[in-house]
S.K.: 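Below is one structure. I have some questions about it.
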Amino acid sequence: MIIPIFIPHLGCPNDCVFCNQRRITAREEVPDVPRVKDTIDTWLSSTETYRPDVVEVAFYGGSFTGIPFEDQHRYLSVAKEYKEAGKIDRIHLSTRPDYIDDKILDLLCNMSVDVVELGVQSFSPDVLTLSNRGHDIDSVYRACSMIKERNMDLGIQLMVGLPGDDFQRSLMSAEKARELEPSVVRLYPTVVLENTELALMLEDGRFKPFSMSQMLYTTKEMYKILDVPGISIIRVGLKSTDLINAAADLSGNFHPAFRQLVEGEIAKESLEKQLIEAMAKCEDAGCDTCKTDKTDRSHKRNFYFMSNEKFFPAMIGHKACNKKYFSEKYPDSRIAYRKDGNLENNRYRVVEY
């Protein structure tokens with residue numbers, strides 16, 4: 001369970017082209033210590049009958065390590081108090097790569113911080129410049145190295161489809177991120193919000209967003225690169241809020257179930273590959289159809305599509321789109337969907353029966 005503490009745009013003087021945090025900040029009250037405690041207590045009250053395996057306090061919103069040092073200490077002291085009391089297990093925060101140094105890391109270690117996420121966004125220098133990120137690639141590598149040297153878990157956030165981005169640069173970013181061996185990764189599609197420089201760039205033709213199909217395909221391939229042991233992909237897509245939703249997005253790339261779309265595409269791709277391979281083999285030595293035409297393996301056969309329970313919705317697809325796809329494309333095959341607890345996350349099996 002993640003207990004979110006939202007710290008608005010405090011600590012970040014930069015204006016990335018995609019960001020409208022200043023607008024959000026104008027609508028959000030900066031929490032004081034009593035409010036932080038109240039938030040944590042409210043969330044913990046829901047665990048009185050059942051406690052999750054891991055309870056985490058996470059500071060989100062701005063660039064946490066950019067706020068005044070005294071404020072960082074004050075907020076983290078609250079979280080540390082709950083951790084030392086055994087009420088929470090982990091402390092998590094997010095910040096910018098250029099807001100990491102030895103003094104900051106000394107504080108984070110003293111306050112028992114477990115996870116530091118960096119808003120890397122891209123490993124392409126051109127993309128960082130065009131997006132007005134305000135830091136370079138060297139800052140990214142330096143910050144990642146320093147965090148891991150302190151034995152804290154590293155998190156990397158990547159954005160897909162920023163100005164100057166393309167399919168190859170996105171995949172390169174995923175590969176570079178994987179090489180750094182982060183513990184957690186987030187993949188965010190770029191959306192265009194009002195009152196941002198990106199909205200102006202879209203309006204005057206300086207920015208052309210990815211199409212939804214391009215965004216989905218690119219994110220799927222990045223996900224596959226990052227889906228390796230040791231890396232947890234904790235978010236794919238943006239959470240719907242009153243400021244970020246389909247109506248607010250000028251690019252058409254917001255979808256409330258974006259992760260399910262991505263994971264559904266991965267499932268479909270894996271299942272179809274296995275299905276085609278299975279259909280190319282006929283186990284019935286006396287099959288009259290195969291004796292007549294050895295290239296025809298499409299006659300009626302029965303298959304189980306299998307996943308574990310967690311990824312069963314991905315196998316079915318968003319609004320059952322995968323079931324519809326296979327029933328329409330392979331009408332001569334009978335396909336039943338089953339759960340197999342022995343399968344790992346995001347892994348699928350096709351079995352003929």
Side-chain angles (χ1 to χ4, degrees), residues 4-31 58-68 71 92-100 116-137 139-140 143 155-165 169-170 173 177 185-204 206-210 215 219 234-256 258:
I5 308 296
F6 185 74
I7 311 295
H9 202 59
L10 295 175
C12 184
N14 199 64
D15 275 318
C16 302
V17 297
F18 53 82
C19 184
N20 71 348
Q21 280 277 354
R22 296 194 188 284
R23 179 185 173 202
I24 294 173
T25 301
R27 299 176 53 172
E28 291 286 343
E29 179 184 349
V30 179
F59 294 95
Y60 295 134
S63 297
F64 186 86
T65 60
I67 67 178
D71 291 338
H92 186 140
L93 59 87
S94 60
T95 191
R96 290 169 53 91
D98 51 341
Y99 285 2
I100 292 292
V116 180
E117 276 191 64
L118 297 177
V120 174
Q121 319 312 3
S122 176
F123 282 82
S124 165
D126 292 340
V127 172
L128 294 181
T129 299
L130 291 169
S131 300
N132 195 35
R133 279 296 291 162
H135 66 76
D136 57 16
I137 293 298
S139 299
V140 172
I156 291 179
Q157 302 171 6
L158 296 176
M159 291 184 69
V160 190
L162 287 168
D165 201 9
R169 283 174 171 155
S170 292
S173 289
V185 169
R186 298 175 192 259
L187 296 174
Y188 291 125
T190 297
V191 299
V192 182
L193 302 175
E194 292 182 349
N195 301 320
T196 62
E197 178 64 22
L198 199 56
L200 296 177
M201 293 169 67
L202 177 66
E203 184 179 349
D204 64 23
R206 288 178 290 146
F207 172 67
K208 182 179 179 181
F210 282 11
M215 184 68 75
T219 307
I234 60 175
R235 179 168 287 281
V236 183
L238 290 157
K239 183 179 179 181
S240 180
T241 68
D242 60 338
L243 292 175
I244 302 177
N245 52 50
D249 173 30
L250 305 178
S251 70
N253 281 323
F254 177 85
H255 194 290
F258 189 76

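In this chain, numbering begins with 1 at the start of the sequence shown.
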S.K.: Which residues pass the side chain to side chain donor-acceptor pair (under 3.5 Å) test with Asp126, not counting sequence neighbours?
M.R.: Arg169
S.K.: Sequence neighbours left out, what passes ring-ring contact (aromatic ring centres under 6.0 Å, His included) with Tyr188? Give chain and number order.
M.R.: none
S.K.: Could you tell me the separation between the OG atom of Ser124 and the CG atom of Leu130, rounded to the nearest 0.5 Å?
M.R.: 8.0 Å
S.K.: Going by the rule ring-ring contact (aromatic ring centres under 6.0 Å, His included), which residues pair with Phe59 if we only count those two or more places apart in sequence or in a different chain?
M.R.: Phe64
S.K.: Of all residues at least two apart in sequence or in a different chain, which pass the side-chain contact (heavy atoms from CB on, under 4.5 Å) check with Leu200?
M.R.: Glu197, Glu203, Arg206
S.K.: Using salt bridge (Lys or Arg N to Asp or Glu O under 4.0 Å) as the criterion, list what pairs up with Asp136, not counting sequence neighbours.
M.R.: none
S.K.: So Met159 and Cys16, side-chain contact (heavy atoms from CB on, under 4.5 Å) or not? Walk me through it.
M.R.: CA-CA 12 Å; Met159 291 184 69; Cys16 302; over 6 Å; no
S.K.: Could you pull out all residues at least two apart from Ser173 that satisfy side-chain contact (heavy atoms from CB on, under 4.5 Å)?
M.R.: Ser122, Phe123, Leu158
S.K.: Just jot down the side chain to side chain donor-acceptor pair (under 3.5 Å) partners of Thr95, sequence neighbours excluded, or say none.
M.R.: Thr65
S.K.: I'd like to check the side-chain contact (heavy atoms from CB on, under 4.5 Å) partners of Pro209; sequence neighbours left out, ordered by chain and number.
M.R.: Leu202, Phe207, Ser251, Asn253
S.K.: Taking side chain to side chain donor-acceptor pair (under 3.5 Å) as the definition, give me every residue that meets it alongside Asp165, ordered by chain and number, with sequence neighbours left out.
M.R.: Ser170
S.K.: Specify the closest pair of heavy atoms between Asp98 and Gly134, including all atoms of both residues, with the distance to one decimal.
M.R.: OD2-O, 3.5 Å
S.K.: Please name the pair of heavy atoms, one in Arg133 and one in Val120, separated by the smallest distance, quoted to 0.1 Å.
M.R.: NE-O, 4.4 Å
S.K.: Using 0.5 Å steps for rounding, measure from the OG1 atom of Thr196 to the CE atom of Met201.
M.R.: 9.5 Å
S.K.: Looking at every non-hydrogen atom in both residues, tell me the closest pair between Ser131 and Leu162 and how far apart they are.
M.R.: OG-CB, 3.6 Å
S.K.: Please report the closest heavy-atom contact between Gly237 and Phe258, naming both atoms and the distance.
M.R.: CA-CD2, 3.9 Å
S.K.: Nearest 0.5 Å please: distance from the CD atom of Glu194 over to the CG atom of Leu250.
M.R.: 5.5 Å
S.K.: What residues form a side chain to side chain donor-acceptor pair (under 3.5 Å) with His255, not counting sequence neighbours?
M.R.: none
S.K.: About how many Å separate CG of Asp249 and CG of Leu238, when rounded to the nearest 0.5 Å?
M.R.: 8.5 Å
S.K.: If you take all heavy atoms of His135 and Val140, which pair is closest and at what distance?
M.R.: CE1-CG2, 3.7 Å
S.K.: Applying side-chain contact (heavy atoms from CB on, under 4.5 Å), can you list everything that pairs with Ser94, at least two apart in sequence or on another chain?
M.R.: Tyr60, Glu117, Gln157
S.K.: Atom CD1 in Ile7, atom CG in Asp71: separation rounded to 0.5 Å?
M.R.: 9.0 Å
